[in-house]
Amino acid sequence: MNRQKVRIKVNGNWVEREAQPDRMLLDFLREDLGLTGTKKGCEEGECGTCTIIMDGRTVLSCLVPAVKADGAEILTVEGMAEGEKLHPIQQAFWEEGAVQCGYCTPGMLLSAKALLDKNSEPAVEEVKEAISGNLCRCTGYGRIIRAIQVASERMRR
Amino acid sequence: MNWIAYEKPKNLDEALRLLERAGGKGRVIAGGTDLILQLKKREYLADLLVDITGIQDMKRIREEDGWVRIGAGVTHREVARNSMIQREARALAQGCGQVGSPQIRNMGTLVGNVVSAQPAADGAIPLMVLEAELKLVSSAGERWMALEKAYRGIGLSAIDATREVVSEVRFRKSGERCATGFFRMARRKALALPILNGAVSLQLDFSKDRIEKARIAIGPVAEKPFRSRRAETYLESAAISPKNLLEACRIASEEANPRTSLRGSAGYRKEMIRVYLFRTIERILDELRKTG
């Protein structure tokens with residue numbers, strides 16, 4: 001098995017590693033780069049907890065071979081805060097009680113960010129659509145939706 | 001251990017060369033939302049994956065000589081949000097907008113939706129009523145294949161992805177007297193396979209009193225996306241009236257052959273075909289009358 005080069009820009013920094021061609025980006029991020037904020041759920045593209053932003057779009061890192069991402073720009077949940085200062089979406093999730101067990105949270109945050117990056121004033125239906133690929137089995141959707149609305153208001157100010 | 005090499009060529013010639021060199025042990029991959037899972041489950045075995053999403057020329061949606069052409073690297077999201085597609089083939093924009101989830105739509109391609117060969121694929125069903133064609137390229141040359149011929153069975157494509165690349169899908173632009181619609185019935189609005197889905201294309205004659213051309217596709221009611229030919233012929237021969245529309249929907253329900261599965265029983269699906277088809281036809285006719 002020939003390992004292949006993977007060079008990606010993760011959370012603002014270029015990193016280069018070698019990976020087996022069948023290594024998934026999820027495992028590459030978690031185990032090779034130590035970025036365990038991205039969670040492993042179903043590994044079948046159903047639950048959305050492994051969501052990351054790749055070249056401006058949300059993707060499921062459990063279905064992306066790491067080598068496919070070569071050359072891409074990636075944002076994981078670790079890249080959202082600036083030092084100790086939480087991203088406004090994270091701040092709103094915390095204040096609005098949008099986190100229960102927390103397992104879906106990293107994916108939810110990134111789906112929310114991808115939405116607000118393109119649409120600063122989403123309608124509630126647009127918020128629901130944006131997180132429709134992220135399952136919360138604590139079923140705390142109401143507060144998650146509220147938190148995204150609060151964040152969007154603050155980010156517009 | 002799975003595939004042992006992954007290549008992302010920059011052009012089609014290189015992709016074909018890679019496949020040829022792999023001698024049947026290579027396989028084309030695009031978004032991977034179906035194929036990666038199938039490979040993990042060993043439903044397919046491949047030594048080499050040839051990723052075609054790095055080929056810029058295949059990432060375009062074009063309008064040319066009366067055709068709408070969608071490259072094999074175009075994602076569901078891109079189709080759903082394209083204003084020309086929304087205008088020319090609303091059913092296709094609607095269908096692509098309901099595949100999987102936002103993440104799946106960002107990754108998966110429309111052509112991949114066809115090659116995966118599922119009978120209720122939300123992208124392929126509208127393409128059936130648009131009478132789409134696929135462009136197949138291999139080291140032996142190019143050819144066009146009618147979408148209907150691209151299926152061998154449930155999940156089985158007639159396209160040999162170890163040797164051929166589908167470079168694009170195309171369909172004819174419809175005129176002003178034509179409109180399309182899509183319906184989908186599922187347990188949830190996202191991440192739920194359809195209990196039933198379907199697409200309809202209707203073209204009125206100049207008087208707007210009769211349906212000149214009708215195309216109906218429904219899934220999952222057969223081994224492949226199902227064209228309801230008897231219902232189509234009936235619509236084309238009968239005057240437009242509530243009674244006749246209901247009769248066409250009854251015929252469609254009769255000729256469909258759904259299975260009973262976890263998602264819904266055969267009887268329920270047959271019943272729902274009548275309901276959803278009728279609503280979709282009415283919606284399209286309303287729209288066509290308004291634009292008149």
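Proteins come first, then strands; the chains are lettered A, B, ... in the order of their sequence lines, and each starts at number 1. Note that this is a predicted model, so its numbers are computed, not measured.
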B:T75 versus chain A, the contacting section by heavy-atom distance below 4.5 Å:
neither

Verify the neighbour count for atom [atom1] of [X]: are there more than 12 heavy atoms of other residues, nucleotides or ligands below 6.0 Å?
{"X": "A:R154", "atom1": "CZ", "value": "yes"}
{"X": "A:E16", "atom1": "CD", "value": "yes"}
{"X": "A:E153", "atom1": "CD", "value": "yes"}
{"X": "B:R90", "atom1": "CZ", "value": "no"}
{"X": "B:R62", "atom1": "CZ", "value": "yes"}
{"X": "A:Y141", "atom1": "OH", "value": "yes"}
{"X": "B:K189", "atom1": "NZ", "value": "no"}
{"X": "B:K135", "atom1": "NZ", "value": "yes"}

If you define the side chain from C-beta out and look only at heavy atoms, does anything of [X] sit under 4.5 Å from [Y]?
{"X": "B:P102", "Y": "A:S132", "answer": "yes"}
{"X": "A:D70", "Y": "B:K8", "answer": "no"}
{"X": "A:L135", "Y": "B:R188", "answer": "yes"}
{"X": "B:R77", "Y": "A:R57", "answer": "yes"}

Taking only Lys NZ, Arg NE, NH1 and NH2, and the carboxylate oxygens of Asp or Glu, determine whether B:E7 and A:K68 approach each other closer than 4.0 Å.
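Looking at B:E7 and A:K68, the cut-off is not met.
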
With a 4.5 angstrom heavy-atom cut-off, which part of A:Q4 approaches chain B: side chain, backbone, both or neither?
side chain

Could you look at A:A130 and say if it's the side chain, the backbone, both or neither that has a heavy atom under 4.5 Å from chain B?
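Only the backbone of A:A130 comes within 4.5 Å of chain B.
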
Any chance you could measure [X], atom [atom1], to [Y], atom [atom2], to the nearest 0.5 Å?
{"X": "A:L63", "Y": "B:M107", "atom1": "CG", "atom2": "CE", "value": "5.0 Å"}
{"X": "A:M24", "Y": "B:N2", "atom1": "CE", "atom2": "CG", "value": "7.5 Å"}
{"X": "A:D55", "Y": "B:N106", "atom1": "CG", "atom2": "CG", "value": "11.5 Å"}

For chain B, which of A:E46, A:M54, A:E43 has the most heavy-atom pairs under 4.5 Å?
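Winner by heavy-atom pair count: A:E46.
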
Would you kindly say whether B:Q103 and A:N134 are connected by a side-chain donor-acceptor distance under 3.5 Å?
yes

Options B:T53, B:T33, B:L35, B:L37, ranked by heavy-atom pairs under 4.5 Å with chain A, top entry
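Heavy-atom pair counts peak at B:L37.
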
If you compare all heavy atoms of B:I36 against all heavy atoms of A:P65, which two are closest, and at what distance to 0.1 Å?
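It is CD1-CG, 3.7 Å.
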
